[in-house]
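Below: one structure, written as structure tokens.
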Amino acid sequence: MPCHIFGLGFTRRAGCGLMADSTMSQVRVRFAPSPTGLFHIGSARTALFNWLYARHTGGTFVLRIEDTDTARNTPEALASLLDGMRWLGLDWDEGPEKGGDVGPYLQSERNPIYEEYLQKLTDAGRTYEQDGAVFFKLLGERKVVFDKYKNADIEKVFGEPVVIEDAIRGRVEKTVEQDFVLRRSSGDFGFHFTNVVDDIAMAITHVIRGEDHLSNTARHVELYNAFGQKPPVFAHIPLILKSDGKGKMSKRETGAYIEDYRTKHVLPEALRNFLCLMGWNPKDNSEVMPIEEIIERFGFDGIQKDGARFDEKKLAHINTEYLRALNLETFAWMAAPILTEAGLIDESVDEDYLQAVLGVSQEKARDLEGLPELVGFFFTEDFAIDANARERVFKKGDPAARLRELLPVLQGLSEWTAPAIESAIDSLAEAQSVKKFDYFPVTRLAVSGQGGGPDLLGTLEVLGQERVVARMEKFATTL
RNA sequence: GUCCCCAUCGUCUAGUCAGGUCUAGGACACUGGAUUUUCAUUCCAGCGACCGGGGUUCGAAUCCCCGUGGGGACGCCA
């Protein structure tokens, strides 16, 4: 069967098979980053939207590494990228480590393919060489004009505008005014060329990328036209803007890298959910929802046109919601390394005790990052008494007296459970004609050094009678 | 400077394509109140926006034009 997706009559490549008959309408999207730095939040969102669209349509998600800039690529950047993708749960169907029928998936290994395509352009008279580089020759009238931005005379081409069919923005017309480089004098191929060639060779049907590429797209359509190829559906998604000030979220912005969120122990599912909401929404006020539901509902018509400012407070909120929703086993599994890292526990920790601590603490935790601070007193006798908390506690009533009254009661308690402790305090309060409330703050301060924290009765139960009594006695000596 | 995209609460957004149901809805943040052992949680309430000006229309957040504002691109980077 002739391969008709290559208009210029290429020999059949592996990719052609994918386009045969019944799978003709199969969606194929790609994420095509260049490994030149840490995995950026904006890139991650682009990857996410491609992934969502592929999963939504049952299509294929291709990961292609655009590493043609040999001077800037690093193996670390590639590792950061693949790691970040995995961390966010964005699995690719074809690409590095995975293979596929239209590989290789590293542009640095695709030179023969580029040579072949370049030859077609040359045969069609659409290229020329200048200063050792190969340029794409636009069609149209040429004039040398003064360019104010570049402050120089340049040759401009006045040709027909190109039409971009954008799934989000509609029909966009733009004229490409200058020839551009296909192959650099170094011998490396340029971005516009490799990007388009690969999208053709990999049978990409939808190009979902940041709006910053919209003006490049005109050049790309010129190439598609020159190749006699029908351009894919473009979908230019809005940029993520920095949370304050001007401009898009760029390098060196706080929170610009996926790595930042990993070190802060943000839950990947929470970050992913938040990122879904940056420029897309399901139109019915739903926000926090399982990824399966987002996949189900994702589509171009829910995508916003203007840039979205990054709001870390909303991310924090969504992260808290995910954290609270975790079952105890998962919560414990995630918490253990963080507590270990903070030096609070080691391998010798009693698993049941750890579970009990986390059980009473989970509903108070806002994030995993702050967990060591929240539960530190469970694991050491060497905790500080918070000065502000102490001041507040001693501001009203006679907490010292309450502590001295409660101490013997707790000491003599035969059943050490939260309900038993509570009823003991109830009886004591009644006998002393004070409110039960009066016993709590000072007790919390004595056993934890804090003014707030996990449920007090639960905390006492988990801590155990011996330690509670000892801590109260120790605290009493400071009064 | 040129070209392209965009324009609803402080922020993310619904509503705009098919004009009336919008005294513009939700969420985050903020403020107040209730509950509570807690500067936690939960609940309730409040605050708070259609960028401006023209036009079309009985009627415009919604359509058109012009301003203005924001974003992006203008590399032998991707």
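Every chain is numbered from 1 and lettered A, B, ... according to where its sequence line falls, protein lines coming before strand lines.
At the phosphate of B:A14, OP1 or OP2 sits under 4.0 Å from a side-chain N or O atom of A:N281. Remark: A:T194 is not in phosphate contact with B:A78, judged by side-chain N or O atoms under 4.0 Å from OP1 or OP2. Between B:A73 and A:K248, a contact under 4.0 Å exists linking OP1 or OP2 to a side-chain N or O. Put simply, A:R366 has a side-chain N or O that comes within less than 4.0 Å of OP1 or OP2 on B:U41. Residue A:Q178 places none of its side-chain N or O atoms closer than 4.0 Å to OP1 or OP2 of B:C3. Residue A:K283 places at least one side-chain N or O closer than 4.0 Å to OP1 or OP2 of B:G15. Checking the phosphate oxygens (OP1, OP2) of B:C3, no side-chain nitrogen or oxygen of A:K156 falls inside 4.0 Å. Of the side-chain N and O atoms in A:R171, none sit less than 4.0 angstrom from OP1 or OP2 of B:C5.
A cation-pi arrangement is absent between A:R471 and A:F475, since the terminal nitrogen or guanidinium carbon is not both under 6.0 Å from the aromatic centre and inside a 45° cone about the axis.
Here the separation of B:A7 from B:U23, taken at their C1' atoms, is 24 Å to the nearest Å. Taking the P atoms as reference points, B:C47 lies 11 Å from B:A24, given to the whole Å. B:A29 and B:U41 have their P atoms separated by 9 Å, with the value rounded to a whole Å. Using C1' as the reference atom, B:A78 and B:A73 are 13 Å apart when rounded to the nearest Å. A distance of about 15 Å separates the C1' atoms of B:G69 and B:U8, rounded to the whole Å. Comparing B:A27 with B:U42, their P atoms are spaced 13 Å from each other, to the whole Å. Taking atom C1' in both B:G19 and B:U57, the straight-line distance is 9 Å, to the nearest Å. For B:C50 and B:G25, the C1' atoms lie 13 Å apart once the distance is rounded to whole Å.
Straight-line distance from the NZ atom of A:K436 to the P atom of B:U36: 10 Å, rounded to whole Å. The nearest whole Å value for the distance from the NZ atom in A:K242 to the C1' atom in B:G70 is 14 Å. What separates CG of A:D311 from C1' of B:C28 is a distance of 6 Å, to the nearest Å. Look at CG on A:D301: it is 15 Å from P on B:A18, rounded to the nearest Å. The distance between atom CD of A:Q304 and atom C1' of B:C12, rounded to the nearest whole Å, is 9 Å. For the pair A:D166 CG and B:C4 P, the computed distance is 15 Å after rounding to whole Å.
Using a 4.0 Å heavy-atom cutoff across all strands shown, A:L277 reaches sugar-phosphate atoms only and no base atom. Residue A:D131 is in base contact, counting any heavy-atom pair closer than 4.0 Å across all strands shown. Among the protein residues, A:E211 comes within range of the nucleic acid bases, having at least one heavy atom under 4.0 Å from a base atom. Across all strands shown, A:G170 has no heavy atoms under 4.0 Å from either base or sugar-phosphate atoms. Within 4.0 Å of A:K314, counting heavy atoms only, lies at least one base atom of the nucleic acid. Within 4.0 Å (heavy atoms only), A:G279 reaches sugar-phosphate atoms of the nucleic acid but no base atom. Within 4.0 Å (heavy atoms only), A:Y149 reaches at least one base atom of the nucleic acid. Within 4.0 Å (heavy atoms only), A:Q450 reaches no atom of the nucleic acid at all. A:K313 comes within contact range of the sugar-phosphate backbone alone, with a heavy-atom separation under 4.0 Å but no base atom that close. Heavy atoms of A:E173 sit under 4.0 angstrom from primed sugar atoms or phosphate atoms, though from no base atom. Note on A:D284: nothing from the nucleic acid sits closer than 4.0 angstrom, heavy atoms only. Using a 4.0 Å heavy-atom criterion, one finds that A:R169 contacts the sugar-phosphate atoms exclusively. Using a 4.0 Å heavy-atom distance criterion, A:R309 is classed as a sugar-phosphate-only contact. Heavy atoms of A:H236 sit nowhere under 4.0 angstrom from any nucleic acid atom.
Between A:F298 and A:W280, the ring-plane angle classifies as tilted under the 30° and 60° cut-offs. Relative ring orientation between A:F227 and A:F193 is described as tilted, the plane-to-plane angle lying within the 30° to 60° band.
Nucleotide B:U68 is matched to B:A7 when pairs are restricted to Watson-Crick or G-U wobble geometry with both distances under 3.5 angstrom. When both pairing distances are held under 3.5 Å, B:A45 makes a Watson-Crick or G-U pair with B:U31. The partner of B:C63 is B:G55, judged by Watson-Crick or G-U wobble contacts that both fall below 3.5 Å. The partner of B:A24 cannot be assigned: no Watson-Crick or G-U wobble pair with both contacts below 3.5 Å exists in any strand.
In this structure, A:Q432 places its CD atom where more than 12 heavy-atom neighbours from other residues, nucleotides or ligands lie under 6.0 Å away.
Interface remark: the A:N285 side chain does form a donor-acceptor pair with the B:G25 base, using a distance-only criterion of under 3.5 Å. In terms of polar N and O atoms assigned as donor or acceptor, the side chain of A:S185 comes within less than 3.5 Å of the base of B:C76 in a complementary pairing. No donor-acceptor contact under 3.5 Å links the side chain of A:N195 to the base of B:A78.
A donor-acceptor pair shorter than 3.5 Å cannot be found between the side chains of A:N319 and A:Y261. Counted by atom type alone, A:R444 and A:T459 present zero donor-acceptor pairs between their side chains at under 3.5 Å. When only modelled atom types and interatomic distance are considered, A:D69 and A:S34 share no side-chain donor-acceptor pair under 3.5 Å. Under the 3.5 Å distance criterion, with hydrogens and angles disregarded, no donor-acceptor pair is assigned to the side chains of A:N225 and A:R126.
Place A:V172 and A:H317 on RNA chain B by their nearest nucleotides, and A:V172 ends up nearer the 5' end. Along RNA chain B, the nucleotide nearest A:S243 and the nucleotide nearest A:G452 are compared for position; the residue whose nucleotide lies closer to the 5' end is A:S243.
Not one N or O on the side chain of A:R402 forms a donor-acceptor pair closer than 3.5 Å with the backbone of A:Y439.
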